[in-house]
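To find a chain, count down the sequence lines: A is the first, B the second, and so on, and within it residues start at 1.
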Protein chains: 2
Amino acid sequence: MDGKGQLVVIALGGNAFLQKNEKGTVEEQWKNVYAAARQIVDLVKSGYKVVVTHGNGPQVGNVLEWMEALKDKIPPLTMDIAGAMTQGWIGYMLQQAIQNVLIEENLDHRYRVVTLINQVEVKKDDPAWNNPTKYVGPYYYNEAEVKKLVEEKGWVVKPDPRGGFRRVVPSPDVIDNVEKEAIKLLYENGFIVIASGGGGVPVVKDEKGRVSGREAVIDKDLGGQLLASVVGADIFVILTDVEGAYLNYGKPDQKLLRELTASEAKKLLEQGVFGSGSMGPKVKAAIRFAERTGKPAYIGHLYKLKEILEGKSGTKIVPDKK
Amino acid sequence: MDGKGQLVVIALGGNAFLQKNEKGTVEEQWKNVYAAARQIVDLVKSGYKVVVTHGNGPQVGNVLEWMEALKDKIPPLTMDIAGAMTQGWIGYMLQQAIQNVLIEENLDHRYRVVTLINQVEVKKDDPAWNNPTKYVGPYYYNEAEVKKLVEEKGWVVKPDPRGGFRRVVPSPDVIDNVEKEAIKLLYENGFIVIASGGGGVPVVKDEKGRVSGREAVIDKDLGGQLLASVVGADIFVILTDVEGAYLNYGKPDQKLLRELTASEAKKLLEQGVFGSGSMGPKVKAAIRFAERTGKPAYIGHLYKLKEILEGKSGTKIVPDKK
């Protein structure tokens, strides 16, 4: 395989940090991060340039739980700050692991790794603001407490399908990556850049162009496709814990979809084939990248990154033929 | 005043985020960060290039307290990760505030702002490893609990002069800024870079050059002078909540020291004039910058940044005349 200097933007899923049945100890996190780092360095070895993004669901959940637990002692921070904290946490681990694996592979004289704190501008008038859907933070079981949170903080709290009540926040659509110039400058100069972590810190612009954070979450693959578009990626890869997008997923006749045009994928998406939870947003982000850039997007398993780019694994979504 | 494109590295103290008698609410933090951002943009307006670093004492203390409070539910993270989280937190706020003030001043077409997650290599054989001195994290009042922490986690716990017991960690000397190439590339291309937050995430190198984090804290001014040296700063400024370094500080005959050579400052430092708590490390870092680079370092009040560089306020430490 020869990457020929093509730029790949890789969106890491939760399994790059936390595997099922793990408690999330620091040791487990490092083990998972190193496994992801080896996949990434393998691509670099094959001649690809790489920009990395990642989710932060469990991590931002932890930060919100921590803050809530001591809210009477330490004033809790807002979600934008919590998001930036997880960019530091995860970015640090990825940056160190990738750098160390580059050293093991004698590639450190050619590449360095760096994490940027990264804001993403979201739509101010997105209908999502009036329809928060993303569960975040701790579970509450006491209805009086829930009522208090709603009244005092203006939170929207809903029953969680997994039991109890939880805060829900909007997940608005993305417009622009605020630090895109820095990301471009760095990867053009041989840096492996980690950016748009957790989808990016959601900010909105005022009439002068000043930005401010919002209590919201950005879908990390939606943030990832934006990142891939603005830095001019040749390929966008969404890595997760399944082989790709399936027809009839989880049923005896499930069938891995190996290649779809954007239009074909859109039709299946509209039919609800991929569900709204996990695969749906991935397919949606892949379609958007293919449509915007005319370049392919892939969805596949974290530990098959190379096979995915070789066309041996995963689901490939290609732009419609003109 | 004309900065003539000179590069200033600014080390922000705790008062850039938290003022005395504040609780540390998010609103208070933004208010303080914007006040600091205005000072910084004022310099940019005057023709200086700027790289910013900052402390993280109260913030990392909060993160450690949060983790400790839920340690039976969520596996606590190590101090290196906690440090990276505070780089995200503080970096995000500074980055957004500076960018917004640049917009207000119509300077945003020339400058952008970016925060890097930044590791700093520390001495492996520093005697500090055997003599931890920096108090971190929550206070403990139960001696049985302290005993358990010492036995189970290998912590060193000491009585805190402010009451109770607290963990102490080493504060080793610094060797190198791991991400220095990225910082240089960015500021040379018109970015205001926020780096080495909280002194930097402390890491040590193994025989192959791979780095790994340590349970330690780096003095932020020591990390700041290293940052200033490696990026080739013309001026290093340490900002705090007093006017500069004093003789007989706090006594009726206290006298602000306006200018000292590195040797003069060293002599006073050895005589214990500046104390070991707050001003001592600042003077030490300023001396080291002046000696290493042959360029001046300043210590002064956050809200007098411009006056300091104009020579109207603060303490200036200059290299010895040859």
Mind ranking [options] by heavy-atom pairs under 4.5 Å with chain A and telling me who comes out on top?
options                     : answer
B:A84, B:A69, B:G209        : B:A84
B:K73, B:E104, B:M85        : B:M85
B:Q29, B:E68, B:E65         : B:E65
B:Q99, B:K23, B:K208, B:M67 : B:M67

Counting heavy-atom pairs under 4.5 Å with chain B, which one of [options] comes out on top?
options                      : result
A:L102, A:V201, A:D80, A:I90 : A:D80
A:V101, A:V114, A:V211       : A:V211
A:T78, A:V178, A:I81, A:V63  : A:I81
A:D206, A:L186, A:T86        : A:L186
A:L70, A:V203, A:I194        : A:L70

Quick one: does any side-chain atom of [X] pair with a main-chain N or O of [Y] as donor and acceptor, under 3.5 Å?
X      : Y      : result
B:T53  : B:G224 : no
B:Q87  : B:N118 : yes
A:Q95  : A:T115 : yes
A:Y111 : A:V41  : no

Legend entry - Pair A:R210-A:S212, side-chain donor/acceptor within less than 3.5 Å: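 Their side chains do not contain a donor-acceptor pair, so the 3.5 Å distance test is not met.
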Legend entry - Exercise: do A:E179 and A:Q119 side chains pair donor with acceptor under 3.5 Å: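 There is such a pair (donor and acceptor under 3.5 Å, judged by atom type) between the side chains of A:E179 and A:Q119.
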Side chain, backbone, both or neither: which part of [X] has a non-hydrogen atom closer than 4.5 Å to chain B?
X      : value
A:V193 : neither
A:L116 : both
A:A182 : both
A:V113 : backbone
A:E181 : both

Inset, instruction - Considering non-hydrogen atoms only, spot the tightest contact between A:V33 and A:A97 and give its length. - result: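 Minimum heavy-atom contact is CG1-CB, 3.5 Å.
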Legend entry - N-O pairing of A:D108 and A:R112 below 4.0 Å: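 So A:D108 does not pair with A:R112 through a salt bridge.
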Inset, instruction - Determine, for A:Y139 and A:R166, whether the Lys NZ or Arg CZ falls below 6.0 Å from the six-membered ring centre while staying within 45 degrees of the axis. - result: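 Judged by the rule, A:R166 and A:Y139 form a cation-pi pair.
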Inset, instruction - Heavy-atom distances under 4.5 Å only: say whether B:L185 touches chain A with side chain, backbone, both or neither. - result: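 The answer is both parts of B:L185.
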Inset, instruction - Measure the shortest side-chain to side-chain distance between A:I10 and A:V51 over non-hydrogen atoms and say whether it is less than 4.5 angstrom. - result: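 Contact flag for A:I10/A:V51 side chains = no.
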